[in-house]
Amino acid sequence: MNSENKILIPIPALFSFEECLWFLNRNYDDCLHIIKGDTIFKALEIGEDILLISIKEHAGFLELNIIKGEPTQENKAYLIDYVREWFDMDTNIQPFYDLLKTDGRIAYMTETYKGLRLIGISNLFEAICWCIIGQQINLSFAYKVKRRLVEHYGKRIDHENDSYYVFPEPEVLAAADPDLLKEMQFSKQKSDYVIGIAKAFANGSIDKEALRALPSFAARKKALTDHKGIGVWTANYALMKSLKEPGGIPHGDIGLLNALSNHNIIQDRSETAKIEGLFQQFAGWESYLVFYLWRSLTVKVLE
DNA sequence: AACCAGGCGCATG
DNA sequence: CATGCGCATGGT
C-alpha cells in the first residue's frame with residue numbers, strides 16, 4: 001500500500017474499535033459496508049467521485065487506506081472528519097460513564113461495553129429512509145429491503161469481486177418507480193413516505209445543516225415530524241444518529257423497551273414515568289444510554 | 001395459526 | 001390530549 005494513501009487517526013481514551021466492528025457486523029447484512037476480519041471497507045461519495053476506503057486499528061491509531069480514489073489533501077481531510085464523526089471519536093464519554101456507575105442496574109456496561117461509541121449515520125436522508133424501511137418490521141427483513149433499494153438505485157464501486165454501494169441520492173429516489181418499490185416489498189405507505197421524503201430533500205425543504213441551525217431540539221424535531229412518514233420515533237432516531245443530538249430518545253422503540261425490561265427497570269411498556277425518570281438521570285447523555293441499552297440486546301446468530 | 005417486529009397517520013372520545 | 005385501529009409482510 002502506497003503510504004500517501006494512508007491516513008492515521010489517533011484513538012482517544014475510552015474508544016473501542018472492536019465495539020465498532022461488533023456493531024457494524026452484529027449478524028445483519030448491511031449493504032453499505034463490508035467487514036473482512038478486523039477491517040471495515042466502505043464506499044463514500046465525495047462530490048462526483050466515489051472512493052473506497054478501508055479502516056482498521058493499528059498501534060493506537062485508526063489506519064485508513066484509500067483503496068480507490070484520489071488521495072488529495074481535500075479528500076483526506078474529508079475522510080478524517082467523516083470517520084471521526086461516524087465513530088463519535090471527539091466526544092469525551094467519561095461523564096457518561098460516571099453516570100452509569102451511579103445506577104447499579106446498568107453500571108456493568110462501563111466494563112462490558114467499554115469504549116463503545118454511538119455509531120452515526122452522517123447522511124440524514126439515509127437515516128430517515130432507513131427508519132421508514134424499519135418501521136414496525138423485524139430488522140433482518142428491513143436490511144433485506146434496504147439492500148434491494150440501495151443495489152438498484154445507489155451508485156457502485158467494484159473492487160476484487162466485491163461491489164460497494166453508496167446510498168441513493170434524494171433526486172434519484174424522488175423519481176423512483178412505486179411499482180418497483182412494491183416489488184422490493186415496500187408497503188404502499190412506506191413507498192409513498194420514502195418518495196415524499198426524497199422530494200423534500202431534493203427541493204430543500206429538509207436540509208441537515210438548516211436543521212442543525214434551528215434554535216432548539218423541539219424545533220428540530222417538529223421540522224422533521226411535519227413530514228409524512230416521520231413520527232416521534234423516526235425523528236428522534238434521525239436526530240440521534242445523524243445530528244448526534246444528546247437528547248434524542250426514540251420513544252416507543254421496541255428494542256429500547258425490551259432492554260429496559262431485561263434490566264428490570266420497567267415491567268411493561270406503559271411505565272413511562274419510570275422511563276422518564278431514568279433518562280432524567282442521564283440528561284445530556286440520553287442518546288448514549290439508548291445506544292448502550294440497544295447494545296445489551298442479544299442478537300440471534302444467523303447461520 | 002396467531003402474534004410480533006427498532007411505527008405512522010388518521011379517526012374518535 | 002389519549003386511545004384505537006388499519007396498514008403490509010416476513011419470521012417464529
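What you see is a predicted model; the values in this text were computed from it and never measured. Chain letters run A, B, ... following the sequence lines, proteins first, then strands; residues in each count from 1.
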Report summary line: Here the distance between atom P of C/dG4 and atom CZ of A/Arg269, to the nearest Å, is 13 Å
Report task. Find the distance A/Ile133:CD1 to C/dT9:C1' and express it as a whole number of Å. Result -> 14 Å
Requested in this report: Indicate, with yes or no, if the rings of A/His263 and A/Tyr108 have centres closer together than 6.0 Å.
Outcome: yes
What contact category does [X] fall into here, base, sugar-phosphate, or nothing, at under 4.0 angstrom with non-hydrogen atoms?
X	result
A/Gln135	sugar-phosphate
A/Ile132	nothing
A/Ile137	base
A/His227	sugar-phosphate
A/Lys190	nothing
A/Tyr237	base

Requested in this report: Sticking with atom P, work out how far B/dA1 lies from C/dA8, rounded to a whole angstrom.
Outcome: 23 Å
State which of [options] makes the closest approach to the side chain of [X].
X	options	answer
A/Ser187	B/dC8, B/dG7, C/dA8	C/dA8
A/Lys188	B/dC8, B/dA5, C/dA8	C/dA8
A/Lys228	B/dC8, B/dC10, C/dG11	B/dC10

Query - salt_bridge(A/Arg156, A/Asp158) N-O dist < 4.0 Å - result: yes
**Report entry** Shortest non-hydrogen contact from A/Leu51 toward A/Gly69
**Finding:**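 Shortest heavy-atom contact: CG-CA, 4.0 Å.
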Query - Minimal non-hydrogen separation, A/Tyr165 against A/Val150, with atom names - result: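 Heavy atoms only, the tightest pair is CB-CG1, 3.5 Å.
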**Report entry** Lys/Arg cation over aromatic A/Phe217: A/Arg220, 6.0 Å, 45° cone
**Finding:**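 A/Arg220 over A/Phe217 ring: no.
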Query raised in the report: OG of A/Ser242 to CG of A/Asn123: how many Å apart, nearest 0.5 Å?
Result: 7.0 Å
Query raised in the report: Step by step, would you call A/Ser261 with A/Asn258 a side-chain hydrogen bond (donor to acceptor under 3.5 Å, both in side chains)?
Result: CA-CA 5 Å; A/Ser261 174; A/Asn258 287 341; 6.0 Å; no
Query - side-chain N/O A/Ser140 vs C/dG11 OP1/OP2, d < 4.0 Å - result: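 So the side-chain polar atoms of A/Ser140 never come under 4.0 Å of the phosphate oxygens OP1 or OP2 of C/dG11.
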Report task. Select from A/Gly134 and A/Ile230 the residue whose nearest nucleotide in DNA chain B is closer to the 5' end of that strand. Result ->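 Checking each residue's closest nucleotide, the 5'-ward one belongs to A/Gly134.
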Query raised in the report: What dot-bracket string describes DNA chain C from 5' to 3', counting Watson-Crick and G-U wobble pairs whose defining distances are under 3.5 Å, with [ ] for crossing pairs and | for pairs to another strand?
Result: |||||||.||||
Query raised in the report: Between A/Gln136 and A/Lys144, who's closer to the 5' end of DNA chain C by nearest nucleotide?
Result: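 Its nearest nucleotide lies further toward 5', so the answer is A/Gln136.
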